[in-house]
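Since the structure comes first, as structure tokens, the remarks are kept for the end.
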Amino acid sequence: MKIATWNVNSLKVRLAHLLQWLEANPVDVLCLQETKLTDDKFPVSEINSAGYQVAFSGQKTYNGVAILSKLPLTDIVRNNPLFPDEQQRILAATIGGVRFISAYVPNGQAVGTDKYAYKLAWLSALREWLAAEMRVHAEGGLAILGDYNIAPEDRDVHDPVAWAGQVLCSDLERAALTALADLGLSDAFRLFEQADKSFSWWDYRQLGYQKNKGLRIDHILLSDALKKRCTACAIDRIPRKWEQPSDHAPVIATLD
DNA sequence: ATGGCCATAGTGTATGGA
């Protein structure tokens with residue numbers, strides 16, 4: 001089976017891209033972030049027509065997550081039960097015996113701001129919740145896919161000197177991501193040989209994509225049961241070249 | 001050249017993103 005994650009930066013604007021991408025990449029499960037739609041405006045019929053069932057949790061203007069699946073989604077949970085939050089950034093569902101979580105980690109804005117503190121608190125609560133979820137779903141496996149807004153290492157940053165200590169790259173954020181990994185979650189992308197300067201996001205400004213000035217901040221984390229089944233992971237840069245693209249590219253993992 | 005882009009709300013221009 002193939003599973004994927006994509007921050008679409010407005011599903012309203014990107015619906016045509018999503019449908020075009022699914023046609024070329026008929027993945028079994030796709031987690032979306034930044035849908036930026038209230039639930040009453042979610043394009044259910046268009047997605048159903050493409051052959052997918054869908055669960056979603058949205059809000060006006062900001063955030064919003066969804067999970068598309070060819071198989072039924074059960075036990076749907078919105079948000080982290082340990083972290084009451086008006087911002088819609090977490091959606092979980094069980095599909096074919098596997099627990100999937102679509103996650104949109106807060107951006108953090110800048111180190112030292114309130115938003116940065118919120119990001120760290122959010123990640124700490126995520127870890128607490130995941131520790132329990134992984135025990136419950138140890139056998140079938142758990143995959144948490146999304147926009148983590150953290151570049152794990154300097155090799156995930158186009159200019160590590162310029163980004164040193166900045167939000168998305170700071171030590172505390174990286175430590176929070178490592179703490180998730182320490183629960184027994186593996187970065188699918190790094191299970192395999194990858195090209196240097198592989199990124200999943202590029203700034204709209206300064207010809208960021210054309211100059212490959214990017215960051216790798218979108219990740220697929222797999223529990224051990226799924227890590228054993230994972231045979232490939234790649235970033236698909238193709239839709240970043242389309243007209244009026246999302247600033248993020250999809251990440252796809254293949255499971256036996 | 002220290003800012004350039006894009007989406008949203010909403011109709012000016014501010015906020016947020018990363």
Side-chain angles (χ1 to χ4, degrees), chain A residues 5-18 21 31-43 56-66 85-90 102-123 126 145-177 189 197-219 235 237 239-251:
Chain A
T5 182
W6 194 7
N7 178 327
V8 291
N9 186 17
S10 170
L11 185 52
K12 180 183 171 187
V13 172
R14 229 68 66 190
L15 179 60
H17 281 199
L18 172 67
W21 189 80
C31 294
L32 300 180
Q33 300 84 38
E34 282 207 82
T35 56
K36 298 187 179 180
L37 290 171
T38 50
D39 291 349
D40 59 302
K41 294 195 169 66
F42 198 91
F56 45 87
S57 179
Q59 70 181 85
K60 198 173 180 180
T61 311
Y62 305 119
N63 311 314
V65 285
D85 193 357
E86 290 184 2
Q87 302 188 27
Q88 302 304 305
R89 298 178 173 278
I90 287 279
S102 180
Y104 178 42
V105 176
N107 169 280
Q109 197 168 58
V111 174
T113 62
D114 289 349
K115 290 194 175 73
Y116 183 78
Y118 165 74
K119 180 178 193 173
L120 294 178
W122 193 97
L123 284 163
L126 175 65
L145 306 87
D147 176 359
Y148 285 76
N149 270 317
I150 301 170
E153 303 175 74
D154 280 353
R155 62 176 165 164
D156 301 308
V157 181
H158 69 91
D159 185 347
V161 173
W163 281 88
Q166 301 294 311
V167 73
L168 315 190
C169 300
S170 71
D171 289 345
L172 287 174
E173 292 166 85
R174 286 178 170 175
L177 189 56
F189 191 76
K197 302 186 187 305
S198 290
F199 307 126
S200 67
W201 169 88
W202 301 263
D203 201 309
Y204 283 124
R205 296 167 291 189
Q206 295 181 265
L207 299 173
Y209 180 74
Q210 290 83 343
K211 296 178 178 173
N212 198 30
K213 294 172 76 170
L215 304 173
R216 193 177 70 90
I217 54 176
D218 299 270
H219 310 301
I235 297 166
R237 291 193 303 271
R240 189 63 176 77
K241 302 171 189 173
W242 293 345
E243 201 170 331
Q244 199 180 10
S246 168
D247 42 358
H248 294 254
V251 185

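Letters A, B, ... are given to chains in the order of the sequence lines, protein chains preceding strands, and every chain is numbered from 1. Since this is a predicted model, take the numbers as computed values, not measurements.
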side-chain contact (heavy atoms from CB on, under 4.5 Å) assessment of A:I235 paired with A:F199
CA-CA 8 Å; A:I235 297 166; A:F199 307 126; 5.9 Å; no
Indicate, with a heavy-atom threshold strictly under 4.0 Å, whether A:Q166 touches base, sugar-phosphate, or nothing.
nothing
Tabulate atom names and distances for all N/O pairs under 3.5 angstrom spanning the protein and nucleotides 9-17 of chain B.
from, atom 1, to, atom 2, distance (Å)
B:dA9, OP1, A:T61, OG1, 3.3

Rounded to whole angstrom, note down the C1' distance from B:dA1 over to B:dG16.
25 Å
What distance separates A:Y104 OH from A:Q87 CD, expressed to the nearest 0.5 Å?
9.0 Å
Starting from the C-alpha separation in whole Å, work towards a yes-or-no answer on side-chain contact (heavy atoms from CB on, under 4.5 Å) for A:L32 and A:W6.
CA-CA 5 Å; A:L32 300 180; A:W6 194 7; 4.2 Å; yes
For nucleotides B:dA7 and B:dA18, find the distance between their C1' atoms and express it as a whole number of Å.
14 Å
Between A:S10 and A:W201, name the one whose nearest nucleotide on DNA chain B is closer to the 5' end.
A:S10
Could you state the NE2-C1' distance from A:H219 to B:dA18, rounded to the nearest angstrom?
13 Å
Would you classify A:I217 as touching base, sugar-phosphate or nothing, given that sugar-phosphate means primed atoms plus P, OP1 and OP2, and contacts are heavy atoms under 4.0 Å?
sugar-phosphate
Spacing of A:L11 atom CG relative to B:dC6 atom P, expressed in whole Å
19 Å
Taking NZ from A:K41 and P from B:dT8, how many angstroms apart are they, rounded to a whole number?
12 Å
Counting runs of three or more consecutive pairs, Watson-Crick or G-U wobble, with each distance below 3.5 Å, where are the stems of DNA chain B?
B:5-9 with B:13-17
Check the distance between B:dT2's C1' and A:K213's NZ and give it to me in whole angstrom.
12 Å
I need the A:Y118 OH to A:N107 CG distance, nearest 0.5 Å.
11.0 Å
For atom C1', what is the distance between B:dG10 and B:dT15, given to the nearest Å?
13 Å
Roughly how many Å apart are B:dG3 and B:dA14, using the P atom of each and rounding to a whole number?
15 Å
Going through the distances and angles, do A:L37 and A:F56 end up as a side-chain contact (heavy atoms from CB on, under 4.5 Å)?
CA-CA 10 Å; A:L37 290 171; A:F56 45 87; over 6 Å; no
Between OH of A:Y209 and C1' of B:dC6 the distance, given in whole Å, is 18 Å
Quick check on the 6.0 Å ring-centre criterion: do A:W242 and A:W21 meet it?
no
Counting just side-chain N and O atoms, does A:Q244 come under 4.0 Å of either OP1 or OP2 of B:dC5?
no
Separation of B:dA7 atom P from A:L15 atom CG, nearest Å, is 14 Å
State whether A:K60 and A:D40 are salt-bridged, where the test is any N-O pair (Lys NZ or Arg NE/NH1/NH2 against Asp/Glu carboxylate O) under 4.0 Å.
no
Heavy-atom side-chain proximity of A:T5 to A:Q33 below 4.5 angstrom
yes
Rounded distance [0.5 Å steps], OG1 in A:T35 versus CG in A:N9:
10.5 Å
When you compare B:dT11 with B:dT2, how far apart are their P atoms, in angstrom units rounded to a whole number?
33 Å
Can you confirm whether A:R240 sits close enough to A:D247 that some side-chain heavy atom of one is under 4.5 Å from a side-chain heavy atom of the other?
yes
